[in-house]
Amino acid sequence: MSISSEHKPLGKQVTGSLHTLSPIVELNVGGEMYTTTLSTLKKHPGSKLAEMFTGQPKLRTDSEGRFFIDRPGTYFKYILEYLRSNQVPTQCIQDVYKEALFYNIEPLIKQLEDSPQIFGELVARKQFLARVPNYSENIELMIRIARAEAVASRRSGVIVCVVKTEEDAARCQDALNSLDMDKKSVVKFGPWKAAPSISDLLDCIQMDVEAKGYKISFQPHIAEKGFRFKSHDYFYKFLFTWW
């Protein structure tokens, strides 16, 4: 079978053997059109991309007969450029990395993981956050509390308690018992055993909430007079702005 001008119904499954394909292949990747060679797509035999074009057909075609891959087409050009010339992309690193993982192109994955952006995220930041108990769950809890308080409001405030050491955790609990607030609405992060500081964790919280599409800022939470601890040593107020 060869790719020609013959129109095929949208979503028709290819029935012939890929061994008879033309060496020139037309692709529709998430609505972006590409033309390349079969040998380029099969450059790394162990990759998922190579498997798509090896043996029995594993892809559908669009109405023009182009092989369809249901992935973001914008970043496929970087994948294709790497397959053609071994050029590692310097733009959209995080997004290209996700596509490299999907297509399982191991040499590209390894080279991207050595880039400052991916190395810093995977080896430094993610490894740190893995040592902060219930970090991901607490991010989701913050968002649920903020959304629950968003009715007829422009902003929602969420109180966060951040402690790095077990000693600070005990002091924070004493402070929490003295605060005039619903203790269930306070989200606690820590303690953890790693070098990054409280300010580093606060930055991580802001980054990860903003990555979910929310507009957020934070500031120390100052309790009322007579509070027997410096509340700003432990408590911070995160503000979600809705409009």
Would a 4.5 Å heavy-atom cut-off, applied to side chains only, mark [X] and [Y] as touching?
X	Y	value
I69	L49	yes
K188	N138	no
Y236	L202	yes
L108	H44	no
R66	L27	no
I24	T37	yes
M52	F67	no

Check salt bridge (Lys or Arg N to Asp or Glu O under 4.0 Å) between [X] and all other residues, then give those that pass, not counting sequence neighbours.
X	answer
R131	none
K126	E121
E137	none
E140	K212

How many angstroms lie between [atom1] in [X] and [atom2] in [Y], if you round to the nearest 0.5 Å?
X	Y	atom1	atom2	value
Y82	Q111	OH	CD	4.0 Å
Q219	F238	CD	CZ	10.5 Å
D62	F68	CG	CZ	8.0 Å
Q127	L122	CD	CG	8.5 Å
L41	R84	CG	CZ	9.0 Å
T35	E26	OG1	CD	4.5 Å

[X] side-chain N/O to [Y] backbone N/O, donor-acceptor pair under 3.5 Å:
X	Y	result
K164	A195	yes
R154	W243	yes
S153	S156	no
K43	L83	yes

Looking at every heavy atom in both [X] and [Y], which two are closest together, and how far apart are they?
X	Y	result
L112	P89	CD2-CG, 4.1 Å
S115	I93	OG-CG2, 3.7 Å
S185	V158	O-CG1, 4.5 Å
G157	K237	CA-CE, 3.9 Å
A100	I79	N-CD1, 3.9 Å
S199	S197	OG-OG, 2.8 Å

Problem set entry | Same apolar cluster: M207 and I198, side chain cutoff 4.5 Å |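 In one cluster with M207: I198, no.
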For this session: Give the cluster check for I118 versus L101: same hydrophobic cluster or not, with ILVMFWY residues linked at side-chain heavy-atom distances below 4.5 Å.
Result: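 Yes, because I118 and L101 connect within a single hydrophobic cluster, where side-chain heavy atoms sit under 4.5 Å apart.
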Exercise. In chain order, what residues pass the ring-ring contact (aromatic ring centres under 6.0 Å, His included) check against Y214, with sequence neighbours excluded?
Worked result: F240, W242
Problem set entry | ring-ring contact (aromatic ring centres under 6.0 Å, His included) against F76, all qualifying residues, sequence neighbours excluded |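 Residues passing ring-ring contact (aromatic ring centres under 6.0 Å, His included) with F76: Y34, Y103.
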I'd like to check the side chain to side chain donor-acceptor pair (under 3.5 Å) partners of [X]; sequence neighbours left out, ordered by chain and number.
X	answer
D70	none
Q206	E210
S85	E81

Exercise. Charged N to carboxylate O under 4.0 angstrom, R125 versus D208?
Worked result: yes
For this session: Check the pair L129, L201 against side chain to side chain contact (heavy atoms under 4.5 Å, CB included), reporting the backbone distance first and the verdict last.
Result: CA-CA 8 Å; L129 295 178; L201 181 64; 3.9 Å; yes
Exercise. According to the ring-ring contact (aromatic ring centres under 6.0 Å, His included) rule, which pairs have a member within residues 125-154, sequence neighbours left out?
Worked result: F128-W192, Y135-F189
Problem set entry | Over 12 foreign heavy atoms within 6.0 Å of CD, E166 | no
For this session: Check whether the side chains of Y78 and E99 place a donor and an acceptor atom closer than 3.5 Å, and report yes or no.
Result: no
For this session: Could I get the full list of disulfide (SG to SG under 2.5 Å) partners for C161, not counting sequence neighbours?
Result: C172
For this session: Taking side chain to side chain contact (heavy atoms under 4.5 Å, CB included) as the test, write out the residues that go with N104, two or more places apart.
Result: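 Once residues adjacent in sequence are excluded, the partners of N104 under the side chain to side chain contact (heavy atoms under 4.5 Å, CB included) criterion are K48, E106, I109.
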